[in-house]
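Following: one structure in structure tokens, then a few remarks.
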Amino acid sequence: MAEGPEPKRRRAEAGDGDGVAAGNGAEAEAGAGAGAGAEPGPGAPFPLSSVRLRRLLRDSAREKAAFVHGQVTGPSGEDTDAVLILEKTPFQEEKIEELLRKHTKLELQMANDIYSTYRLYPPPELSEIKTTVVYPATEKHLQKYLRQEVHLIRESWEDYKNITLPFIQSQSFSIQWVYNILEKKAEADRIIHENQDPSNGFVLVPDFKWNQNQLYDLYLIALVQRRDVKSLRDLTAEHLPLLKNILQEGKEAIAKRFGVPGSQLRIYLHYQPSYYHLHVHFTALGYDAPGTSVERAHLLADVIDNLVLDSSYYQKRALTFALRADEPLLKKFQEAGRV
Ligand code: M7G
């Protein structure tokens, strides 16, 4: 972890955050944005204790996280799906001494020579569980977090035009949360940096996977102001000023606010993304963030170089990505005999 100023200690707002991304699968939400038109309304605390557990979609011992499908009964008796992500938060260096001093119970498990292990029970204020709620959750959200087999696709430009693009266009992918940030209707107080230029500007905010309590898992995203760039596939040399701004200003803003230098950041785009509004991920280099696998992450610096070499680089080359077994896009590739 880089030395530098401590991250701000603001707590994630209710309903803020997606926790851990679901595996490698590329996916986007369809239908209305989460939180639209259901009880409880935006801003109201989610009635966590009234959630009925339907099933565990996935759990991960490594990430110390559980992805849960729950249901809540609304005022008129209808059941509405929710996804809950429960995640143990990383240790904060400055809280460790407090943890050792203030533990409520310590149970010896075994002792052997110079080695011993214990069960340590922390006080409530030191045993936080980051809880992310997607409510109402669509079927796509449930699928996103369900553990599934994945298949590798090698998408040519023709495949993109004939299979992927019509598929993206046929789905009503909800990127309302992105527009809410750009229009300052949500997360306005979380903005780290903003360039308001309509073509070459962007907004940098903490990703909702990051609780900002420690730098170890630093994670921010840059959302471009313009609304006509869906993904890596749309990029040409025309977008170089925008991409260079994101790289340069994003690094500077993170160094200034969090003290993490550019040389300790992994700055990349996903292909396929979950949300088709161009955005760039900034994660701490030492953090094995979800979605950094070779079949999904494209370093921004490499993307810029490729576009400098050839403006239509991303309209020429094949791109590889993984799709989960149930994803409709996989079915389209299978029907076209491309898998
Ligand atoms: P992606 O590459 O489209 O998909 O990245 P992924 O989620 O499968 O990685 C979108 C990024 O936006 C992810 O890192 C999400 O954690 C993040 N994100 C998603 N939502 C709905 C929000 C949100 O409402 N606020 C913030 N700050 N980040 C979000």
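All ligand and atom numbering here is 1-based and tracks the order in the structure.
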Problem set entry | Proximal atoms of ligand 1 relative to P206 (non-hydrogen, under 4.0 Å) | 27 (N)
Exercise. Can a donor-acceptor pair be found between the side chains of H103 and Y121 at a distance below 3.5 Å?
Worked result: no
Problem set entry | R338 NZ/CZ over F333 ring centroid, <6.0 Å and within 45° of normal | no
Exercise. Centre of Y271's six-membered ring, under 6.0 Å away, within 45 degrees of the axis: is that where NZ or CZ of R296 sits?
Worked result: no
Exercise. Should you measure from each heavy atom of K144, which atoms of ligand 1 turn up under 4.0 Å away?
Worked result: 6 (P), 7 (O), 8 (O)
Exercise. Of the non-hydrogen atoms in A284 and R266, which two are nearest, and what is the gap between them?
Worked result: O-NH1, 3.4 Å
Problem set entry | Atoms of ligand 1, numbered as shown, that sit under 4.0 Å from any heavy atom of S274 | 1 (P), 2 (O), 3 (O), 4 (O), 6 (P), 7 (O), 8 (O)
Exercise. When you measure from atom 9 (O) of ligand 1 to each heavy atom in H270, H279, H277, Q272, which option holds the nearest one?
Worked result: H270
Quick one: side chains of residues 45-53, donor-acceptor pairs under 3.5 Å with protein atoms, not counting sequence neighbours, listed by atom name and distance.
residue: S50; atom: OG; partner: P47; partner atom: O; Å: 2.8
residue: R52; atom: NH1; partner: T73; partner atom: OG1; Å: 2.8
residue: R52; atom: NH2; partner: D79; partner atom: OD1; Å: 3.0

For this session: Heavy-atom contacts with R296 under 4.0 Å: which atoms of ligand 1 show up? List them by number with element.
Result: 2 (O), 4 (O), 6 (P), 8 (O), 9 (O)
For this session: Look only at interatomic distance and state if I181 has a nitrogen or oxygen under 3.5 Å from any nitrogen or oxygen of ligand 1.
Result: no
Exercise. Which side chain to side chain donor-acceptor pair (under 3.5 Å) pairs, counting each pair once, include a residue from residues 241-250, with sequence neighbours left out?
Worked result: H193-E249, N195-E249, Q248-E252
Problem set entry | Close approach of Y219 to ligand 1, heavy atoms, under 4.0 angstrom | yes
